[in-house]
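Presented below is the structure to which this report refers.
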Amino acid sequence: MDKNTYKLLTPGPLTTTETVKEQMLADLCTWDEEYKQMTQQIRSELLHLAHADSAYTTVLMQGSGTFGVEAVFSSVIGPADKVLIAVNGAYSQRMTEICRYHQIPYIAVETEYDKIPDAGDLETVLRDDPAITHITMVHSETTTGILNDIAAAGALAAAYHKKFIVDAMSSFGGVDIDVPAVGITYLVSSANKCIQGVPGFSFIIARKDDLEQTSGMARSLALDLYAQWAVMERDGGKWCFTSPTHVVAAFAQALRELRAEGGVPVRQQRYIHTNTMLRDGMEALGFRAYISRDVQGPIITTFLYPWDRAFDFQDMYVYLKKHGYVIYPGKLTEQDTFRLGNIGEIYEEDIKKILRIFAEYMKGLV
Ligand SMILES: *Cc1c(COP(=O)(O)O)cnc(C)c1O
């Protein structure tokens, strides 16, 4: 089989190790004690990565990351509640859409996509609207690569006694997050981002006291967070419905490899290093990044089209793919951009290679 003809410079699915992929060659039984143990080990390892103790618990949920976000929103925010959504990208915008589908009361506080939400602005809204019960923010906005200040939002949530939901999809495992210290009530992430597994499930790290109060609140059967948790607790690692067994086995291996790499702080250093190399190198070639360095996160970088040349994204995409790398189109509506991710099995040598390929390509343009 002709596999791995290219590496992914995309923020998930991303390039995984051979050893992670090999785990998917076995068919596992969902009722089997060893398989259920695997789920339990994953749940406790994730708590460990989150710096959380027994005040927290982990729930795994079938589906991509959005399923996890939707599971939380539709399961823990009641009809009399209201959520403040800090919007500065497509993923936080998607949260407003989830609210509309489920008729969840919300207020969106919008910030330009190249800026982080200002805690002062959020506080003004909080002070003026006592109906707000939950605050939510995306940590790493994959739309632009910006890293939002969840510590400041968490401090506000604590001061105003609100619950705090964080979409840490493209940061958890690649950026160290002390979940209790930040004051997070629910954190959502997924298998195919910084933990470097394959797509198929998301996971929620939840404060037990809060989750316990949500029994019967879910607006969806398949995405009922409380029910999934209750079954996992009662049946020692059983999922409510069929779980993605191959993906779970691959994820368990990805967690072992994260530990072997030296844990989250070491992986974070690798990401910062490759991200900086990539941004520096692209800027040296004449590309301009969409956000400034002080807010740039270590996961993905958005670049503007170089309009001073005869530039065609699709043409560049095909060229890069032919040379072994696949990149991401932009996700901004008002500007033409493309994105380069640096998470997954991407190392310094890859960045050097990618920059040489870009340099060659740009030489060909007039
Ligand atoms: C990847 C991602 C999601 C989930 O997207 P899916 O396509 O459902 O996996 C949500 N939020 C952020 C910030 C992401 O990067």
Side-chain angles (χ1 to χ4, degrees), residues 4-17 20 64-66 89-92 94 113-114 138-148 167-175 189-199 202 254 257-258 261 264 267-283 285 287-291 293 295-305 313-314 316-321 323-332 335-358 361:
N4 290 356
T5 54
Y6 54 76
K7 284 192 185 181
L8 295 159
L9 295 181
T10 61
L14 37 67
T15 298
T16 58
T17 60
V20 161
S64 79
T66 305
Y91 292 99
S92 34
R94 188 179 292 170
Y113 283 14
D114 59 349
V138 173
H139 187 206
S140 164
E141 247 298 355
T142 322
T143 316
T144 57
I146 207 166
L147 198 63
N148 288 332
D167 169 348
M169 212 67 67
S170 69
S171 57
F172 189 81
V175 177
S189 191
S190 76
N192 61 289
K193 303 250 165 133
C194 299
I195 310 279
Q196 300 189 176
V198 303
S202 58
E257 293 180 11
L258 172 56
E261 186 174 341
V264 178
R267 180 161 292 179
Q268 181 168 355
Q269 282 312 311
R270 166 160 71 93
Y271 287 172
I272 290 171
H273 179 62
T274 49
N275 182 273
T276 308
M277 263 183 85
L278 190 57
R279 185 172 165 137
D280 288 349
M282 290 295 281
E283 286 179 345
L285 289 174
F287 287 95
R288 210 155 58 75
Y290 175 70
I291 57 174
R293 278 174 190 268
V295 291
Q296 173 69 55
I299 308 301
I300 186 167
T301 311
T302 301
F303 294 98
L304 305 173
Y305 281 13
F313 175 77
Q314 199 50 36
M316 182 174 78
Y317 179 90
V318 170
Y319 181 89
L320 295 171
K321 185 175 172 187
H323 288 81
Y325 292 93
V326 153
I327 69 167
Y328 242 25
K331 215 175 167 60
L332 299 171
Q335 286 204 66
D336 285 323
T337 55
F338 65 90
R339 293 177 292 168
L340 299 180
N342 54 281
I343 60 177
E345 283 298 288
I346 298 292
Y347 296 89
E348 197 175 301
E349 311 80 73
D350 292 291
I351 305 297
K352 286 182 183 158
K353 229 168 115 185
I354 294 151
L355 290 170
R356 278 199 301 272
I357 298 166
F358 267 106
Y361 179 74

Quick check: closest heavy atoms across [X] and [Y], and the distance to 0.1 Å?
X    : Y    : result
A254 : I195 : CB-O, 3.4 Å
Q196 : T16  : O-CG2, 3.5 Å
N342 : Y271 : ND2-O, 3.1 Å
V20  : T17  : N-OG1, 3.0 Å
L9   : I327 : CD1-CG2, 4.0 Å
G344 : R270 : O-NH1, 2.8 Å

* **Pairs meeting criterion salt bridge (charged side-chain N to carboxylate O under 4.0 Å, His left out) with involvement of residues 336-349, two or more places apart** =>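 Only E348-K352 qualify under salt bridge (charged side-chain N to carboxylate O under 4.0 Å, His left out).
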Validation row: [X], [Y] side chains within 4.5 angstrom (heavy atoms):
X    : Y    : answer
P298 : L147 : yes
Y361 : H323 : no
Y319 : I357 : yes
R279 : Q296 : yes
V175 : C194 : no

Mind checking the [atom1]-[atom2] spacing from [X] to [Y]? Nearest 0.5 Å is all I need.
X    : Y    : atom1 : atom2 : result
M277 : L355 : CE    : CG    : 6.5 Å
H139 : S170 : NE2   : OG    : 9.0 Å
I300 : T142 : CD1   : OG1   : 6.5 Å
Y6   : L320 : OH    : CG    : 13.0 Å
T274 : I351 : OG1   : CD1   : 5.0 Å
H273 : Q268 : NE2   : CD    : 14.5 Å

* To do: Mind checking salt bridge (Lys or Arg N to Asp or Glu O under 4.0 Å) for R267 and listing every partner two or more places apart, or none if nothing turns up?
  =>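 Once residues adjacent in sequence are excluded, the partners of R267 under the salt bridge (Lys or Arg N to Asp or Glu O under 4.0 Å) criterion are E261.
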* Could you tell me which residues satisfy salt bridge (Lys or Arg N to Asp or Glu O under 4.0 Å) with K7, sequence neighbours excluded, listed by chain and number? =>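 For K7 the salt bridge (Lys or Arg N to Asp or Glu O under 4.0 Å) partners, ignoring immediate neighbours, are D350.
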* To do: Check the pair N275 / T301 against side-chain hydrogen bond (donor to acceptor under 3.5 Å, both in side chains), numbers first and verdict last.
  => CA-CA 8 Å; N275 182 273; T301 311; 3.1 Å; yes
* To do: Could you walk me through whether S140 and S171 pass side-chain hydrogen bond (donor to acceptor under 3.5 Å, both in side chains), step by step?
  => CA-CA 6 Å; S140 164; S171 57; 5.5 Å; no
* Among F287, F303, Y325, which one satisfies ring pair (Phe, Tyr, Trp, His ring centres under 6.0 Å) with F358? ->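 It is F287; the other options fail the test.
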* To do: Evaluate the criterion side chain to side chain contact (heavy atoms under 4.5 Å, CB included) for residue pair L304 and T337; output intermediate values, then yes/no.
  => CA-CA 4 Å; L304 305 173; T337 55; 3.7 Å; yes
* Asked: With a cut-off of under 6.0 Å to the ring centre and 45° to the axis, is K331 in cation-pi contact with Y91?
  ->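 Yes, K331 lies over the aromatic ring of Y91.
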* Step-by-step side chain to side chain contact (heavy atoms under 4.5 Å, CB included) determination, D114 to T144 -> CA-CA 7 Å; D114 59 349; T144 57; over 6 Å; no
* Backbone of S92 reached by a side-chain donor or acceptor of D167 within 3.5 Å ->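 Not confirmed, D167 side chain does not pair with S92 backbone.
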* Look only at the side chain of T15 and the backbone of L8, and say whether a donor-acceptor pair between them is shorter than 3.5 Å. =>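 Flag set: sc T15 to bb L8 pair under 3.5 Å.
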* Full working for side chain to side chain contact (heavy atoms under 4.5 Å, CB included) between I291 and T302 -> CA-CA 7 Å; I291 57 174; T302 301; over 6 Å; no
